[in-house]
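Below, chains carry the letters A, B, ... as their sequence lines are ordered, and counting in each starts from 1. This is a predicted model, so every value here is computed, not measured.
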2 protein chains.
Amino acid sequence: MTRGSGRGGSSAAPRSVDVARLAGVSQKTVSRVFNDEQYVSAEVRRRVLEAAEELGYRRNNAARALASGRTRSIGVVTLGTALYGPASLLMGVERALRDTGYALRVVNTMEGDPAGITGAVDSLLDQGVDGIVISEPIDERGADGADALRVGVPVLVLGAPSPVAAPTVLTAGDGADLMARAATEHLLELGHLTVHHLAGPQRWYAARDRLEGWRTTLAAHGRDVPPVVEGDWSAASGYAAGRELAADTAVTAVFAANDDMAIGLIRALTEAGRRVPRDVSVVGFDDVPVAAYVTPPLTTVPQPFDAVAQEGLKRLVHTIENPEADPLPASDPPVDLVVRSSTAPPPHRTTPGRGRRATAPSRAAAPAPPPANGGHPTPR
Amino acid sequence: MTRGSGRGGSSAAPRSVDVARLAGVSQKTVSRVFNDEQYVSAEVRRRVLEAAEELGYRRNNAARALASGRTRSIGVVTLGTALYGPASLLMGVERALRDTGYALRVVNTMEGDPAGITGAVDSLLDQGVDGIVISEPIDERGADGADALRVGVPVLVLGAPSPVAAPTVLTAGDGADLMARAATEHLLELGHLTVHHLAGPQRWYAARDRLEGWRTTLAAHGRDVPPVVEGDWSAASGYAAGRELAADTAVTAVFAANDDMAIGLIRALTEAGRRVPRDVSVVGFDDVPVAAYVTPPLTTVPQPFDAVAQEGLKRLVHTIENPEADPLPASDPPVDLVVRSSTAPPPHRTTPGRGRRATAPSRAAAPAPPPANGGHPTPR
DNA sequence: TTGAAAGCGCTAACAG
DNA sequence: CTGTTAGCGCTTTCAA
């Protein structure tokens, strides 16, 4: 296997020895230059770089990984969906990664996939990665049971507790309960006696967190906790839930676990003759790009995807590169709420129902809704 | 560097020799088993697999890549955005790839990034990939000029001509003009004299294709080609465009280059007192998940992301594995149109404008709009 | 059907 | 500051 088919052809990719020969130095020196090691004279460095340039040299990563034991890549496990949340998180991860010098490998885990997260992580391990990011995992068999997959590299889990066992497990982006609290409190402050919840699929931690935040907020204010309606994140499921909720005139405020469901919900309410926000207020979650432009513009809780990804990856990379050191501490992501036009004080009660403004909040008037483009500065 | 720190510790990952030893065969035989080569007796295969299982052996990919010269991974260049189109395409690529045995590496190219596509492709080349997918590239300096980057691996470009030079360049998903034609013709068939176009940013090929499809369709029907309004894909830009178009009462039909802009457009029209679809019909593009649930439910052109990705990757992998063979031929993606409630025949003209039903279509009545969930079967 | 030997191109110690 | 010497763990000849 004498490379290059005999004749001194220039077909194959140049190697560091070739560069070394041309520059008149040893191969190791070329390696030094490309690794930005010290102890290389400026003159030699220049010669090497020049030779490399001339030859069109580029380091062979496989060889590098083999020799060093580090692949310099990080794997991400995502749901195979273009849903705004997961997709935004993935983009956030990529963005955060590009400054770290690590490459990104991506594997999806489709819901209902027999192999699931475990299979996805396993395939990443097969490929060879120095760290793994698991984005928004959902429950599956053995998720936190005894047969949790054991992983030899640090793991960062976004928006959930870890479904795998690893030497170091970091988590980030698990502040959904606080955001749900903000949404719920906004509605209570408008004067609603209680708030209904259109939950996401409860196999998702993100959905459970939001539900939990809603529930505890109501409890903390001494309000009724109405039965939960569960959707599947889709506008279709929000629409279906909306038909149910529209029938119950006691419903004056709904917190939906994401914007898509909120949009479907609003459509169903509107079709049923219940006006939003006059009869029913709706708060969404995510702040999808169209949220400010649907009818009515949606009050919602923006998620700090980029911040979460950035912080999480910083900590993951730190752990990869300093295995012995203490992991960097997590910081709480900011909680935000964008008030638009889908929320308002409740209608005057014509029936003398059980409602008196028990612990009614002082600030019952709706904050002035921003113009339709509220929260979304028009680019260009 | 005698691995394993002296004592026969079991710390390091097992290698194929370890498996070979345990199974009582040569290392090469282990390699044969794991590569599914022929000429291994069933008995030996079983022993090897057992030994591997016991040791928890997994092949080292770096070594494999180094020895074979193939990385078994494919790189994708995407825009760093969670926009429905690009995100869906990325997921489609992942899905298509998982059956091929190739791993997926992802690099983003942010708009305005100085390095741009060229930089992204370059970083992929650095990482080592057997093929590259460029998803929805946008114009940039040197895009098709002389200084186009030369790439040594096959390239698949989705939804555009290639911005790089490579031994084999495949394209897929470039049928946007036909889809734009379907949208435009739908409006003409409803009886509109002409159709306005709310275009995407013209640096995107996808946007140009749609515009081209719209323009040629109008031309083919001998209609006026009104001036184009250009947006940036966002609902915000659609809203801004809508305020302009609302002022012109001659506008009775608009084809928006994506759903988000259509949604913003509809909001602006509605606010200006122009009802959709009674006064103005609007057609979107993409069929985003909420399209069926906005007000009014949006008539739009669904994009066949999965089909495009699947077909494109099949061809790319074919080329990677059969460099000498002819590339597989491309097939046209299906053209679809989902009619909902944002389109209707034009209002009766009260002013005797220049319009006579010149080549008026026979089928002027709107097809009965489907129920609100039209086009989107409710999951669960 | 199996095995032995020789690298793939680089990084990691250790000398100079 | 620079070079030498060994491998990293696999696939690829080639031989048995």
Q. Once you round it to whole Å, what is the distance between C1' of D/dG9 and CG of A/D126?
A. 15 Å
Q: Take atom CZ of A/R15 and atom C1' of C/dG7, then tell me their distance rounded to the nearest Å.
A: 11 Å
Q) Passes side chain to side chain contact (heavy atoms under 4.5 Å, CB included), A/E136 versus A/T81? Steps please. A) CA-CA 12 Å; A/E136 302 238 35; A/T81 155; over 6 Å; no
**Q.** Interface residues of residues 41-51 of chain A with DNA chain D (non-hydrogen, below 4.0 angstrom)
**A.** A/S41, A/V44
(Q) Expressed as a whole number of angstroms, how long is the span from B/L66:CG to C/dG7:C1'? (A) 9 Å
Q: Return the value, rounded to whole Å, for the distance between atom CG of A/N61 and atom C1' of C/dC8.
A: 14 Å
Q) Are A/N35 and C/dT11 close enough that a side-chain N or O sits under 4.0 Å from OP1 or OP2? A) yes
Q: Under 4.0 Å between any heavy atoms, over every strand shown, what does B/Y57 touch: base, sugar-phosphate, or nothing? Just pick one.
A: sugar-phosphate
(Q) In this structure, how many angstroms lie between the P atom of D/dC8 and the CG atom of B/D18, rounded? (A) 11 Å
Q) For D/dC10, does either OP1 or OP2 sit under 4.0 Å from a side-chain N or O belonging to B/R64? A) no
(Q) Is it the case that the side chain of B/R64 and the backbone of B/R59 share a donor-acceptor pair, with hydrogens and angles ignored and the cut-off at 3.5 Å? (A) no
Q | Most 5' of A/A62 and B/V40 on DNA chain C, judged by nearest nucleotide | A | B/V40
(Q) Which residue in the set A/R47, A/R45, A/R32 passes side-chain contact (heavy atoms from CB on, under 4.5 Å) when paired with A/V25? (A) A/R47
Q. Under 4.0 Å: is that the gap between some side-chain N or O of A/Y39 and OP1 or OP2 of C/dG16?
A. no
Q: Carefully, step by step, assess A/K314 and A/E311 under the rule salt bridge (Lys or Arg N to Asp or Glu O under 4.0 Å).
A: CA-CA 5 Å; A/K314 200 178 94 195; A/E311 211 229 8; over 6 Å; no
Q | Option from A/V151, A/V76, A/V107 for which side-chain contact (heavy atoms from CB on, under 4.5 Å) with A/I132 holds | A | A/V151
Q: Starting from C1' on D/dG9, measure out to CZ on B/R58 and report it in whole angstrom.
A: 15 Å
Q. C/dT1 P sits how many Å from B/Q38 CD, rounded?
A. 8 Å
Q) How many Å lie between CZ on B/R21 and P on D/dC10, as a whole number? A) 12 Å
(Q) More than 12 heavy atoms of other residues, nucleotides or ligands under 6.0 Å from CD of A/E43: yes or no? (A) yes
(Q) Nearest 0.5 Å, please: how far is OG1 in B/T29 from CD in B/Q27? (A) 8.5 Å
**Q.** Heavy-atom check, side chain of A/R105 versus side chain of B/S73, under 4.5 Å
**A.** yes
Filtered N/O pairs between nucleotides 3-5 of chain D and protein, under 3.5 Å:
from  : atom 1 : to    : atom 2 : distance (Å)
D/dG3 : OP2    : A/S26 : N      : 3.0
D/dG3 : OP2    : A/S26 : OG     : 3.1
D/dG3 : OP2    : A/T29 : OG1    : 2.6
D/dG3 : N7     : A/R32 : NH1    : 3.4
D/dG3 : O6     : A/R32 : NH2    : 2.7

Q) Has B/S31 got a side-chain N or O lying under 4.0 Å from the OP1 or OP2 atom of D/dC10? A) no
Q) Taking the side chain from B/D130 and the backbone from B/T71, do they hold a donor-acceptor pair closer than 3.5 Å? A) yes
